[in-house]
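Below: one structure, written as structure tokens.
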Amino acid sequence: MAEIKQVLVPDIGDYKDVSIIEVMVKVGDTIKAEDNLVTLETDKAAMEVPSPYAGVINEIKVKVGDKVSQGSLILLLESSDAAGAPQKSQPDVQPPPAPAAAPVAAPVAVNPVAKPAEAPVIPQVLQPAMEGAKAHASPAIRRLARELGVQVAQVKGSGEKGRVTKDDVQQFIKAALAQPRGAAGGNGLQVLAMPVVDFAKFGAIETRPLSRIKKISGANLHRNWVTIPHITQFDEADITEMDAFRKELGVEYAKQNIKVTPLAFLVKAVVVALQQFPEFNASLDASGENLVFKQYFHIGVAVDTPDGLMVPVLRDADKKGIVQIAKELGEISARAREKKITAAEMQGGCFSISSLGGIGGTAFTPIINAPELAILGVSKAIIKPMHQDDTFVARLMLPLSLSYDHRVIDGAAAARFIVFLSQVLADTRRLAL
Ligand code: CAO
């Protein structure tokens, strides 16, 4: 049978005459046990008072601004709990011990409001000029904001004394969504929106959708480009001897249909450099505070396909010889171009190589394939006059471009890595070390 229950302010420690800053229910509301009823604010903390019963709100005895103390009557509630026994309180965080209650009043515990977790940053261009301002908002509003990824401090409050209301948070989100796409990147980047141009005004056009691969890789490239501080270090490796050896191998293995290009030597040389400089074979963990050093050597190789760039991974390159690597490179690049590479085959890479050497160009700045920390760009080797023993000699020089994550790798380390790599390529005996 329904029974009218009184809900009183529970034990709130030594506080007296505490302000009610929010009443979360109204007469006629059907509530569950543990639903929050009011928010109290002391000079130190805000606390939500949950209902000990399920039922329908019959009468509310307080309003915003009232001062209450332990035992003050908050509201009357028509309990739907047949037995009339209070439900077990399950506060958000460890509550203060519940007091011995008055005969008709239910023992309840307050829910101290936990410090809001760091919310994802809303693009700054969408934020009103409230930076640094101390936000006044009830715990319920803070929770709502947190759930929606809004920092309360960024919302202009329209309530009493600038208090942020539910409507303020909703309006803030609406304003954010109404901004043109691309108006701002994540991570607080302030950028202008892309101009919307009617290209047809200037001549005939044809519109084609981007390939699926380009859409996926584009989003990843964009993230990596804007979130990783890239530096690119350049060098040239003297591959005169290496290339002579490569040509010999090429002739030898052509019968087996294995094409030995400089890339196979590069994969092997990169592994030797990674072994020498383990920092380059690491990744930042999710917290961004630890480096995860890998004890395996899986090398990603960028492959140009008609549908866009793919980066299949050549596994355990440290355990394979140059001819084996050349054979596998031929196979994975052919399969990538036939769209036969699986997602799993593109995962687990430690370091990537992007070779444009077969096409041309002198140098470029490759984008790191996160969570890897570095990538090697390779351009076309050309014969150059190099100064040696007081004379100029013709040498085949291979341009290398090493992009690295400067959060982890220092410039000096990158220079040492690329110089070491060049030495290995210049003297292929080092591959065996
Ligand atoms: N300098 C001079 N010649 C080179 C060279 C270099 N650095 N690299 C390759 N070559 C030569 C090869 O020896 C081969 O010569 P032959 O035809 O006379 O034998 C020719 O160029 C073509 O090589 P290839 O491109 O077929 O083979 P590869 O092993 O060098 O590369 C692959 C394979 C899959 C990496 C490549 O085909 C490819 O797709 N490259 C593009 C990668 C890309 O798009 N990167 C950009 C990503 S943006 O960061």
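Numbering of ligands and ligand atoms starts at 1, following listing order. Residue numbers run from 1 in the order of the sequence given. None of these values were measured; they are calculated from a predicted model.
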Looking at every non-hydrogen atom in both residues, tell me the closest pair between [X] and [Y] and how far apart they are.
X      : Y      : answer
Ile368 : Ala374 : CG2-N, 4.1 Å
Ala414 : Phe280 : CA-CZ, 3.7 Å
Ile31  : Leu37  : CD1-CD2, 3.6 Å
Leu144 : Lys166 : CD2-CG, 3.7 Å

Checking side chain to side chain contact (heavy atoms under 4.5 Å, CB included) against Leu40, which of Ile74, Val62, Asp66, Val9 comes through? Val9
Filter the ligand 1-protein atom pairs down to N or O on both sides and distance under 3.5 Å, then list them.
from     : atom 1 : to     : atom 2 : distance (Å)
ligand 1 : 1 (N)  : Ala381 : N      : 2.8
ligand 1 : 7 (N)  : Ser379 : O      : 3.0
ligand 1 : 29 (O) : Thr261 : OG1    : 2.6
ligand 1 : 37 (O) : Arg337 : NH2    : 2.8
ligand 1 : 39 (O) : Asp304 : N      : 2.8
ligand 1 : 39 (O) : Arg337 : NH2    : 2.8
ligand 1 : 40 (N) : Ser355 : O      : 3.0
ligand 1 : 45 (N) : Ser354 : OG     : 2.8

Step by step, would you call Lys156 with Asp168 a side chain to side chain contact (heavy atoms under 4.5 Å, CB included)? CA-CA 7 Å; Lys156 190 166 166 45; Asp168 294 333; over 6 Å; no
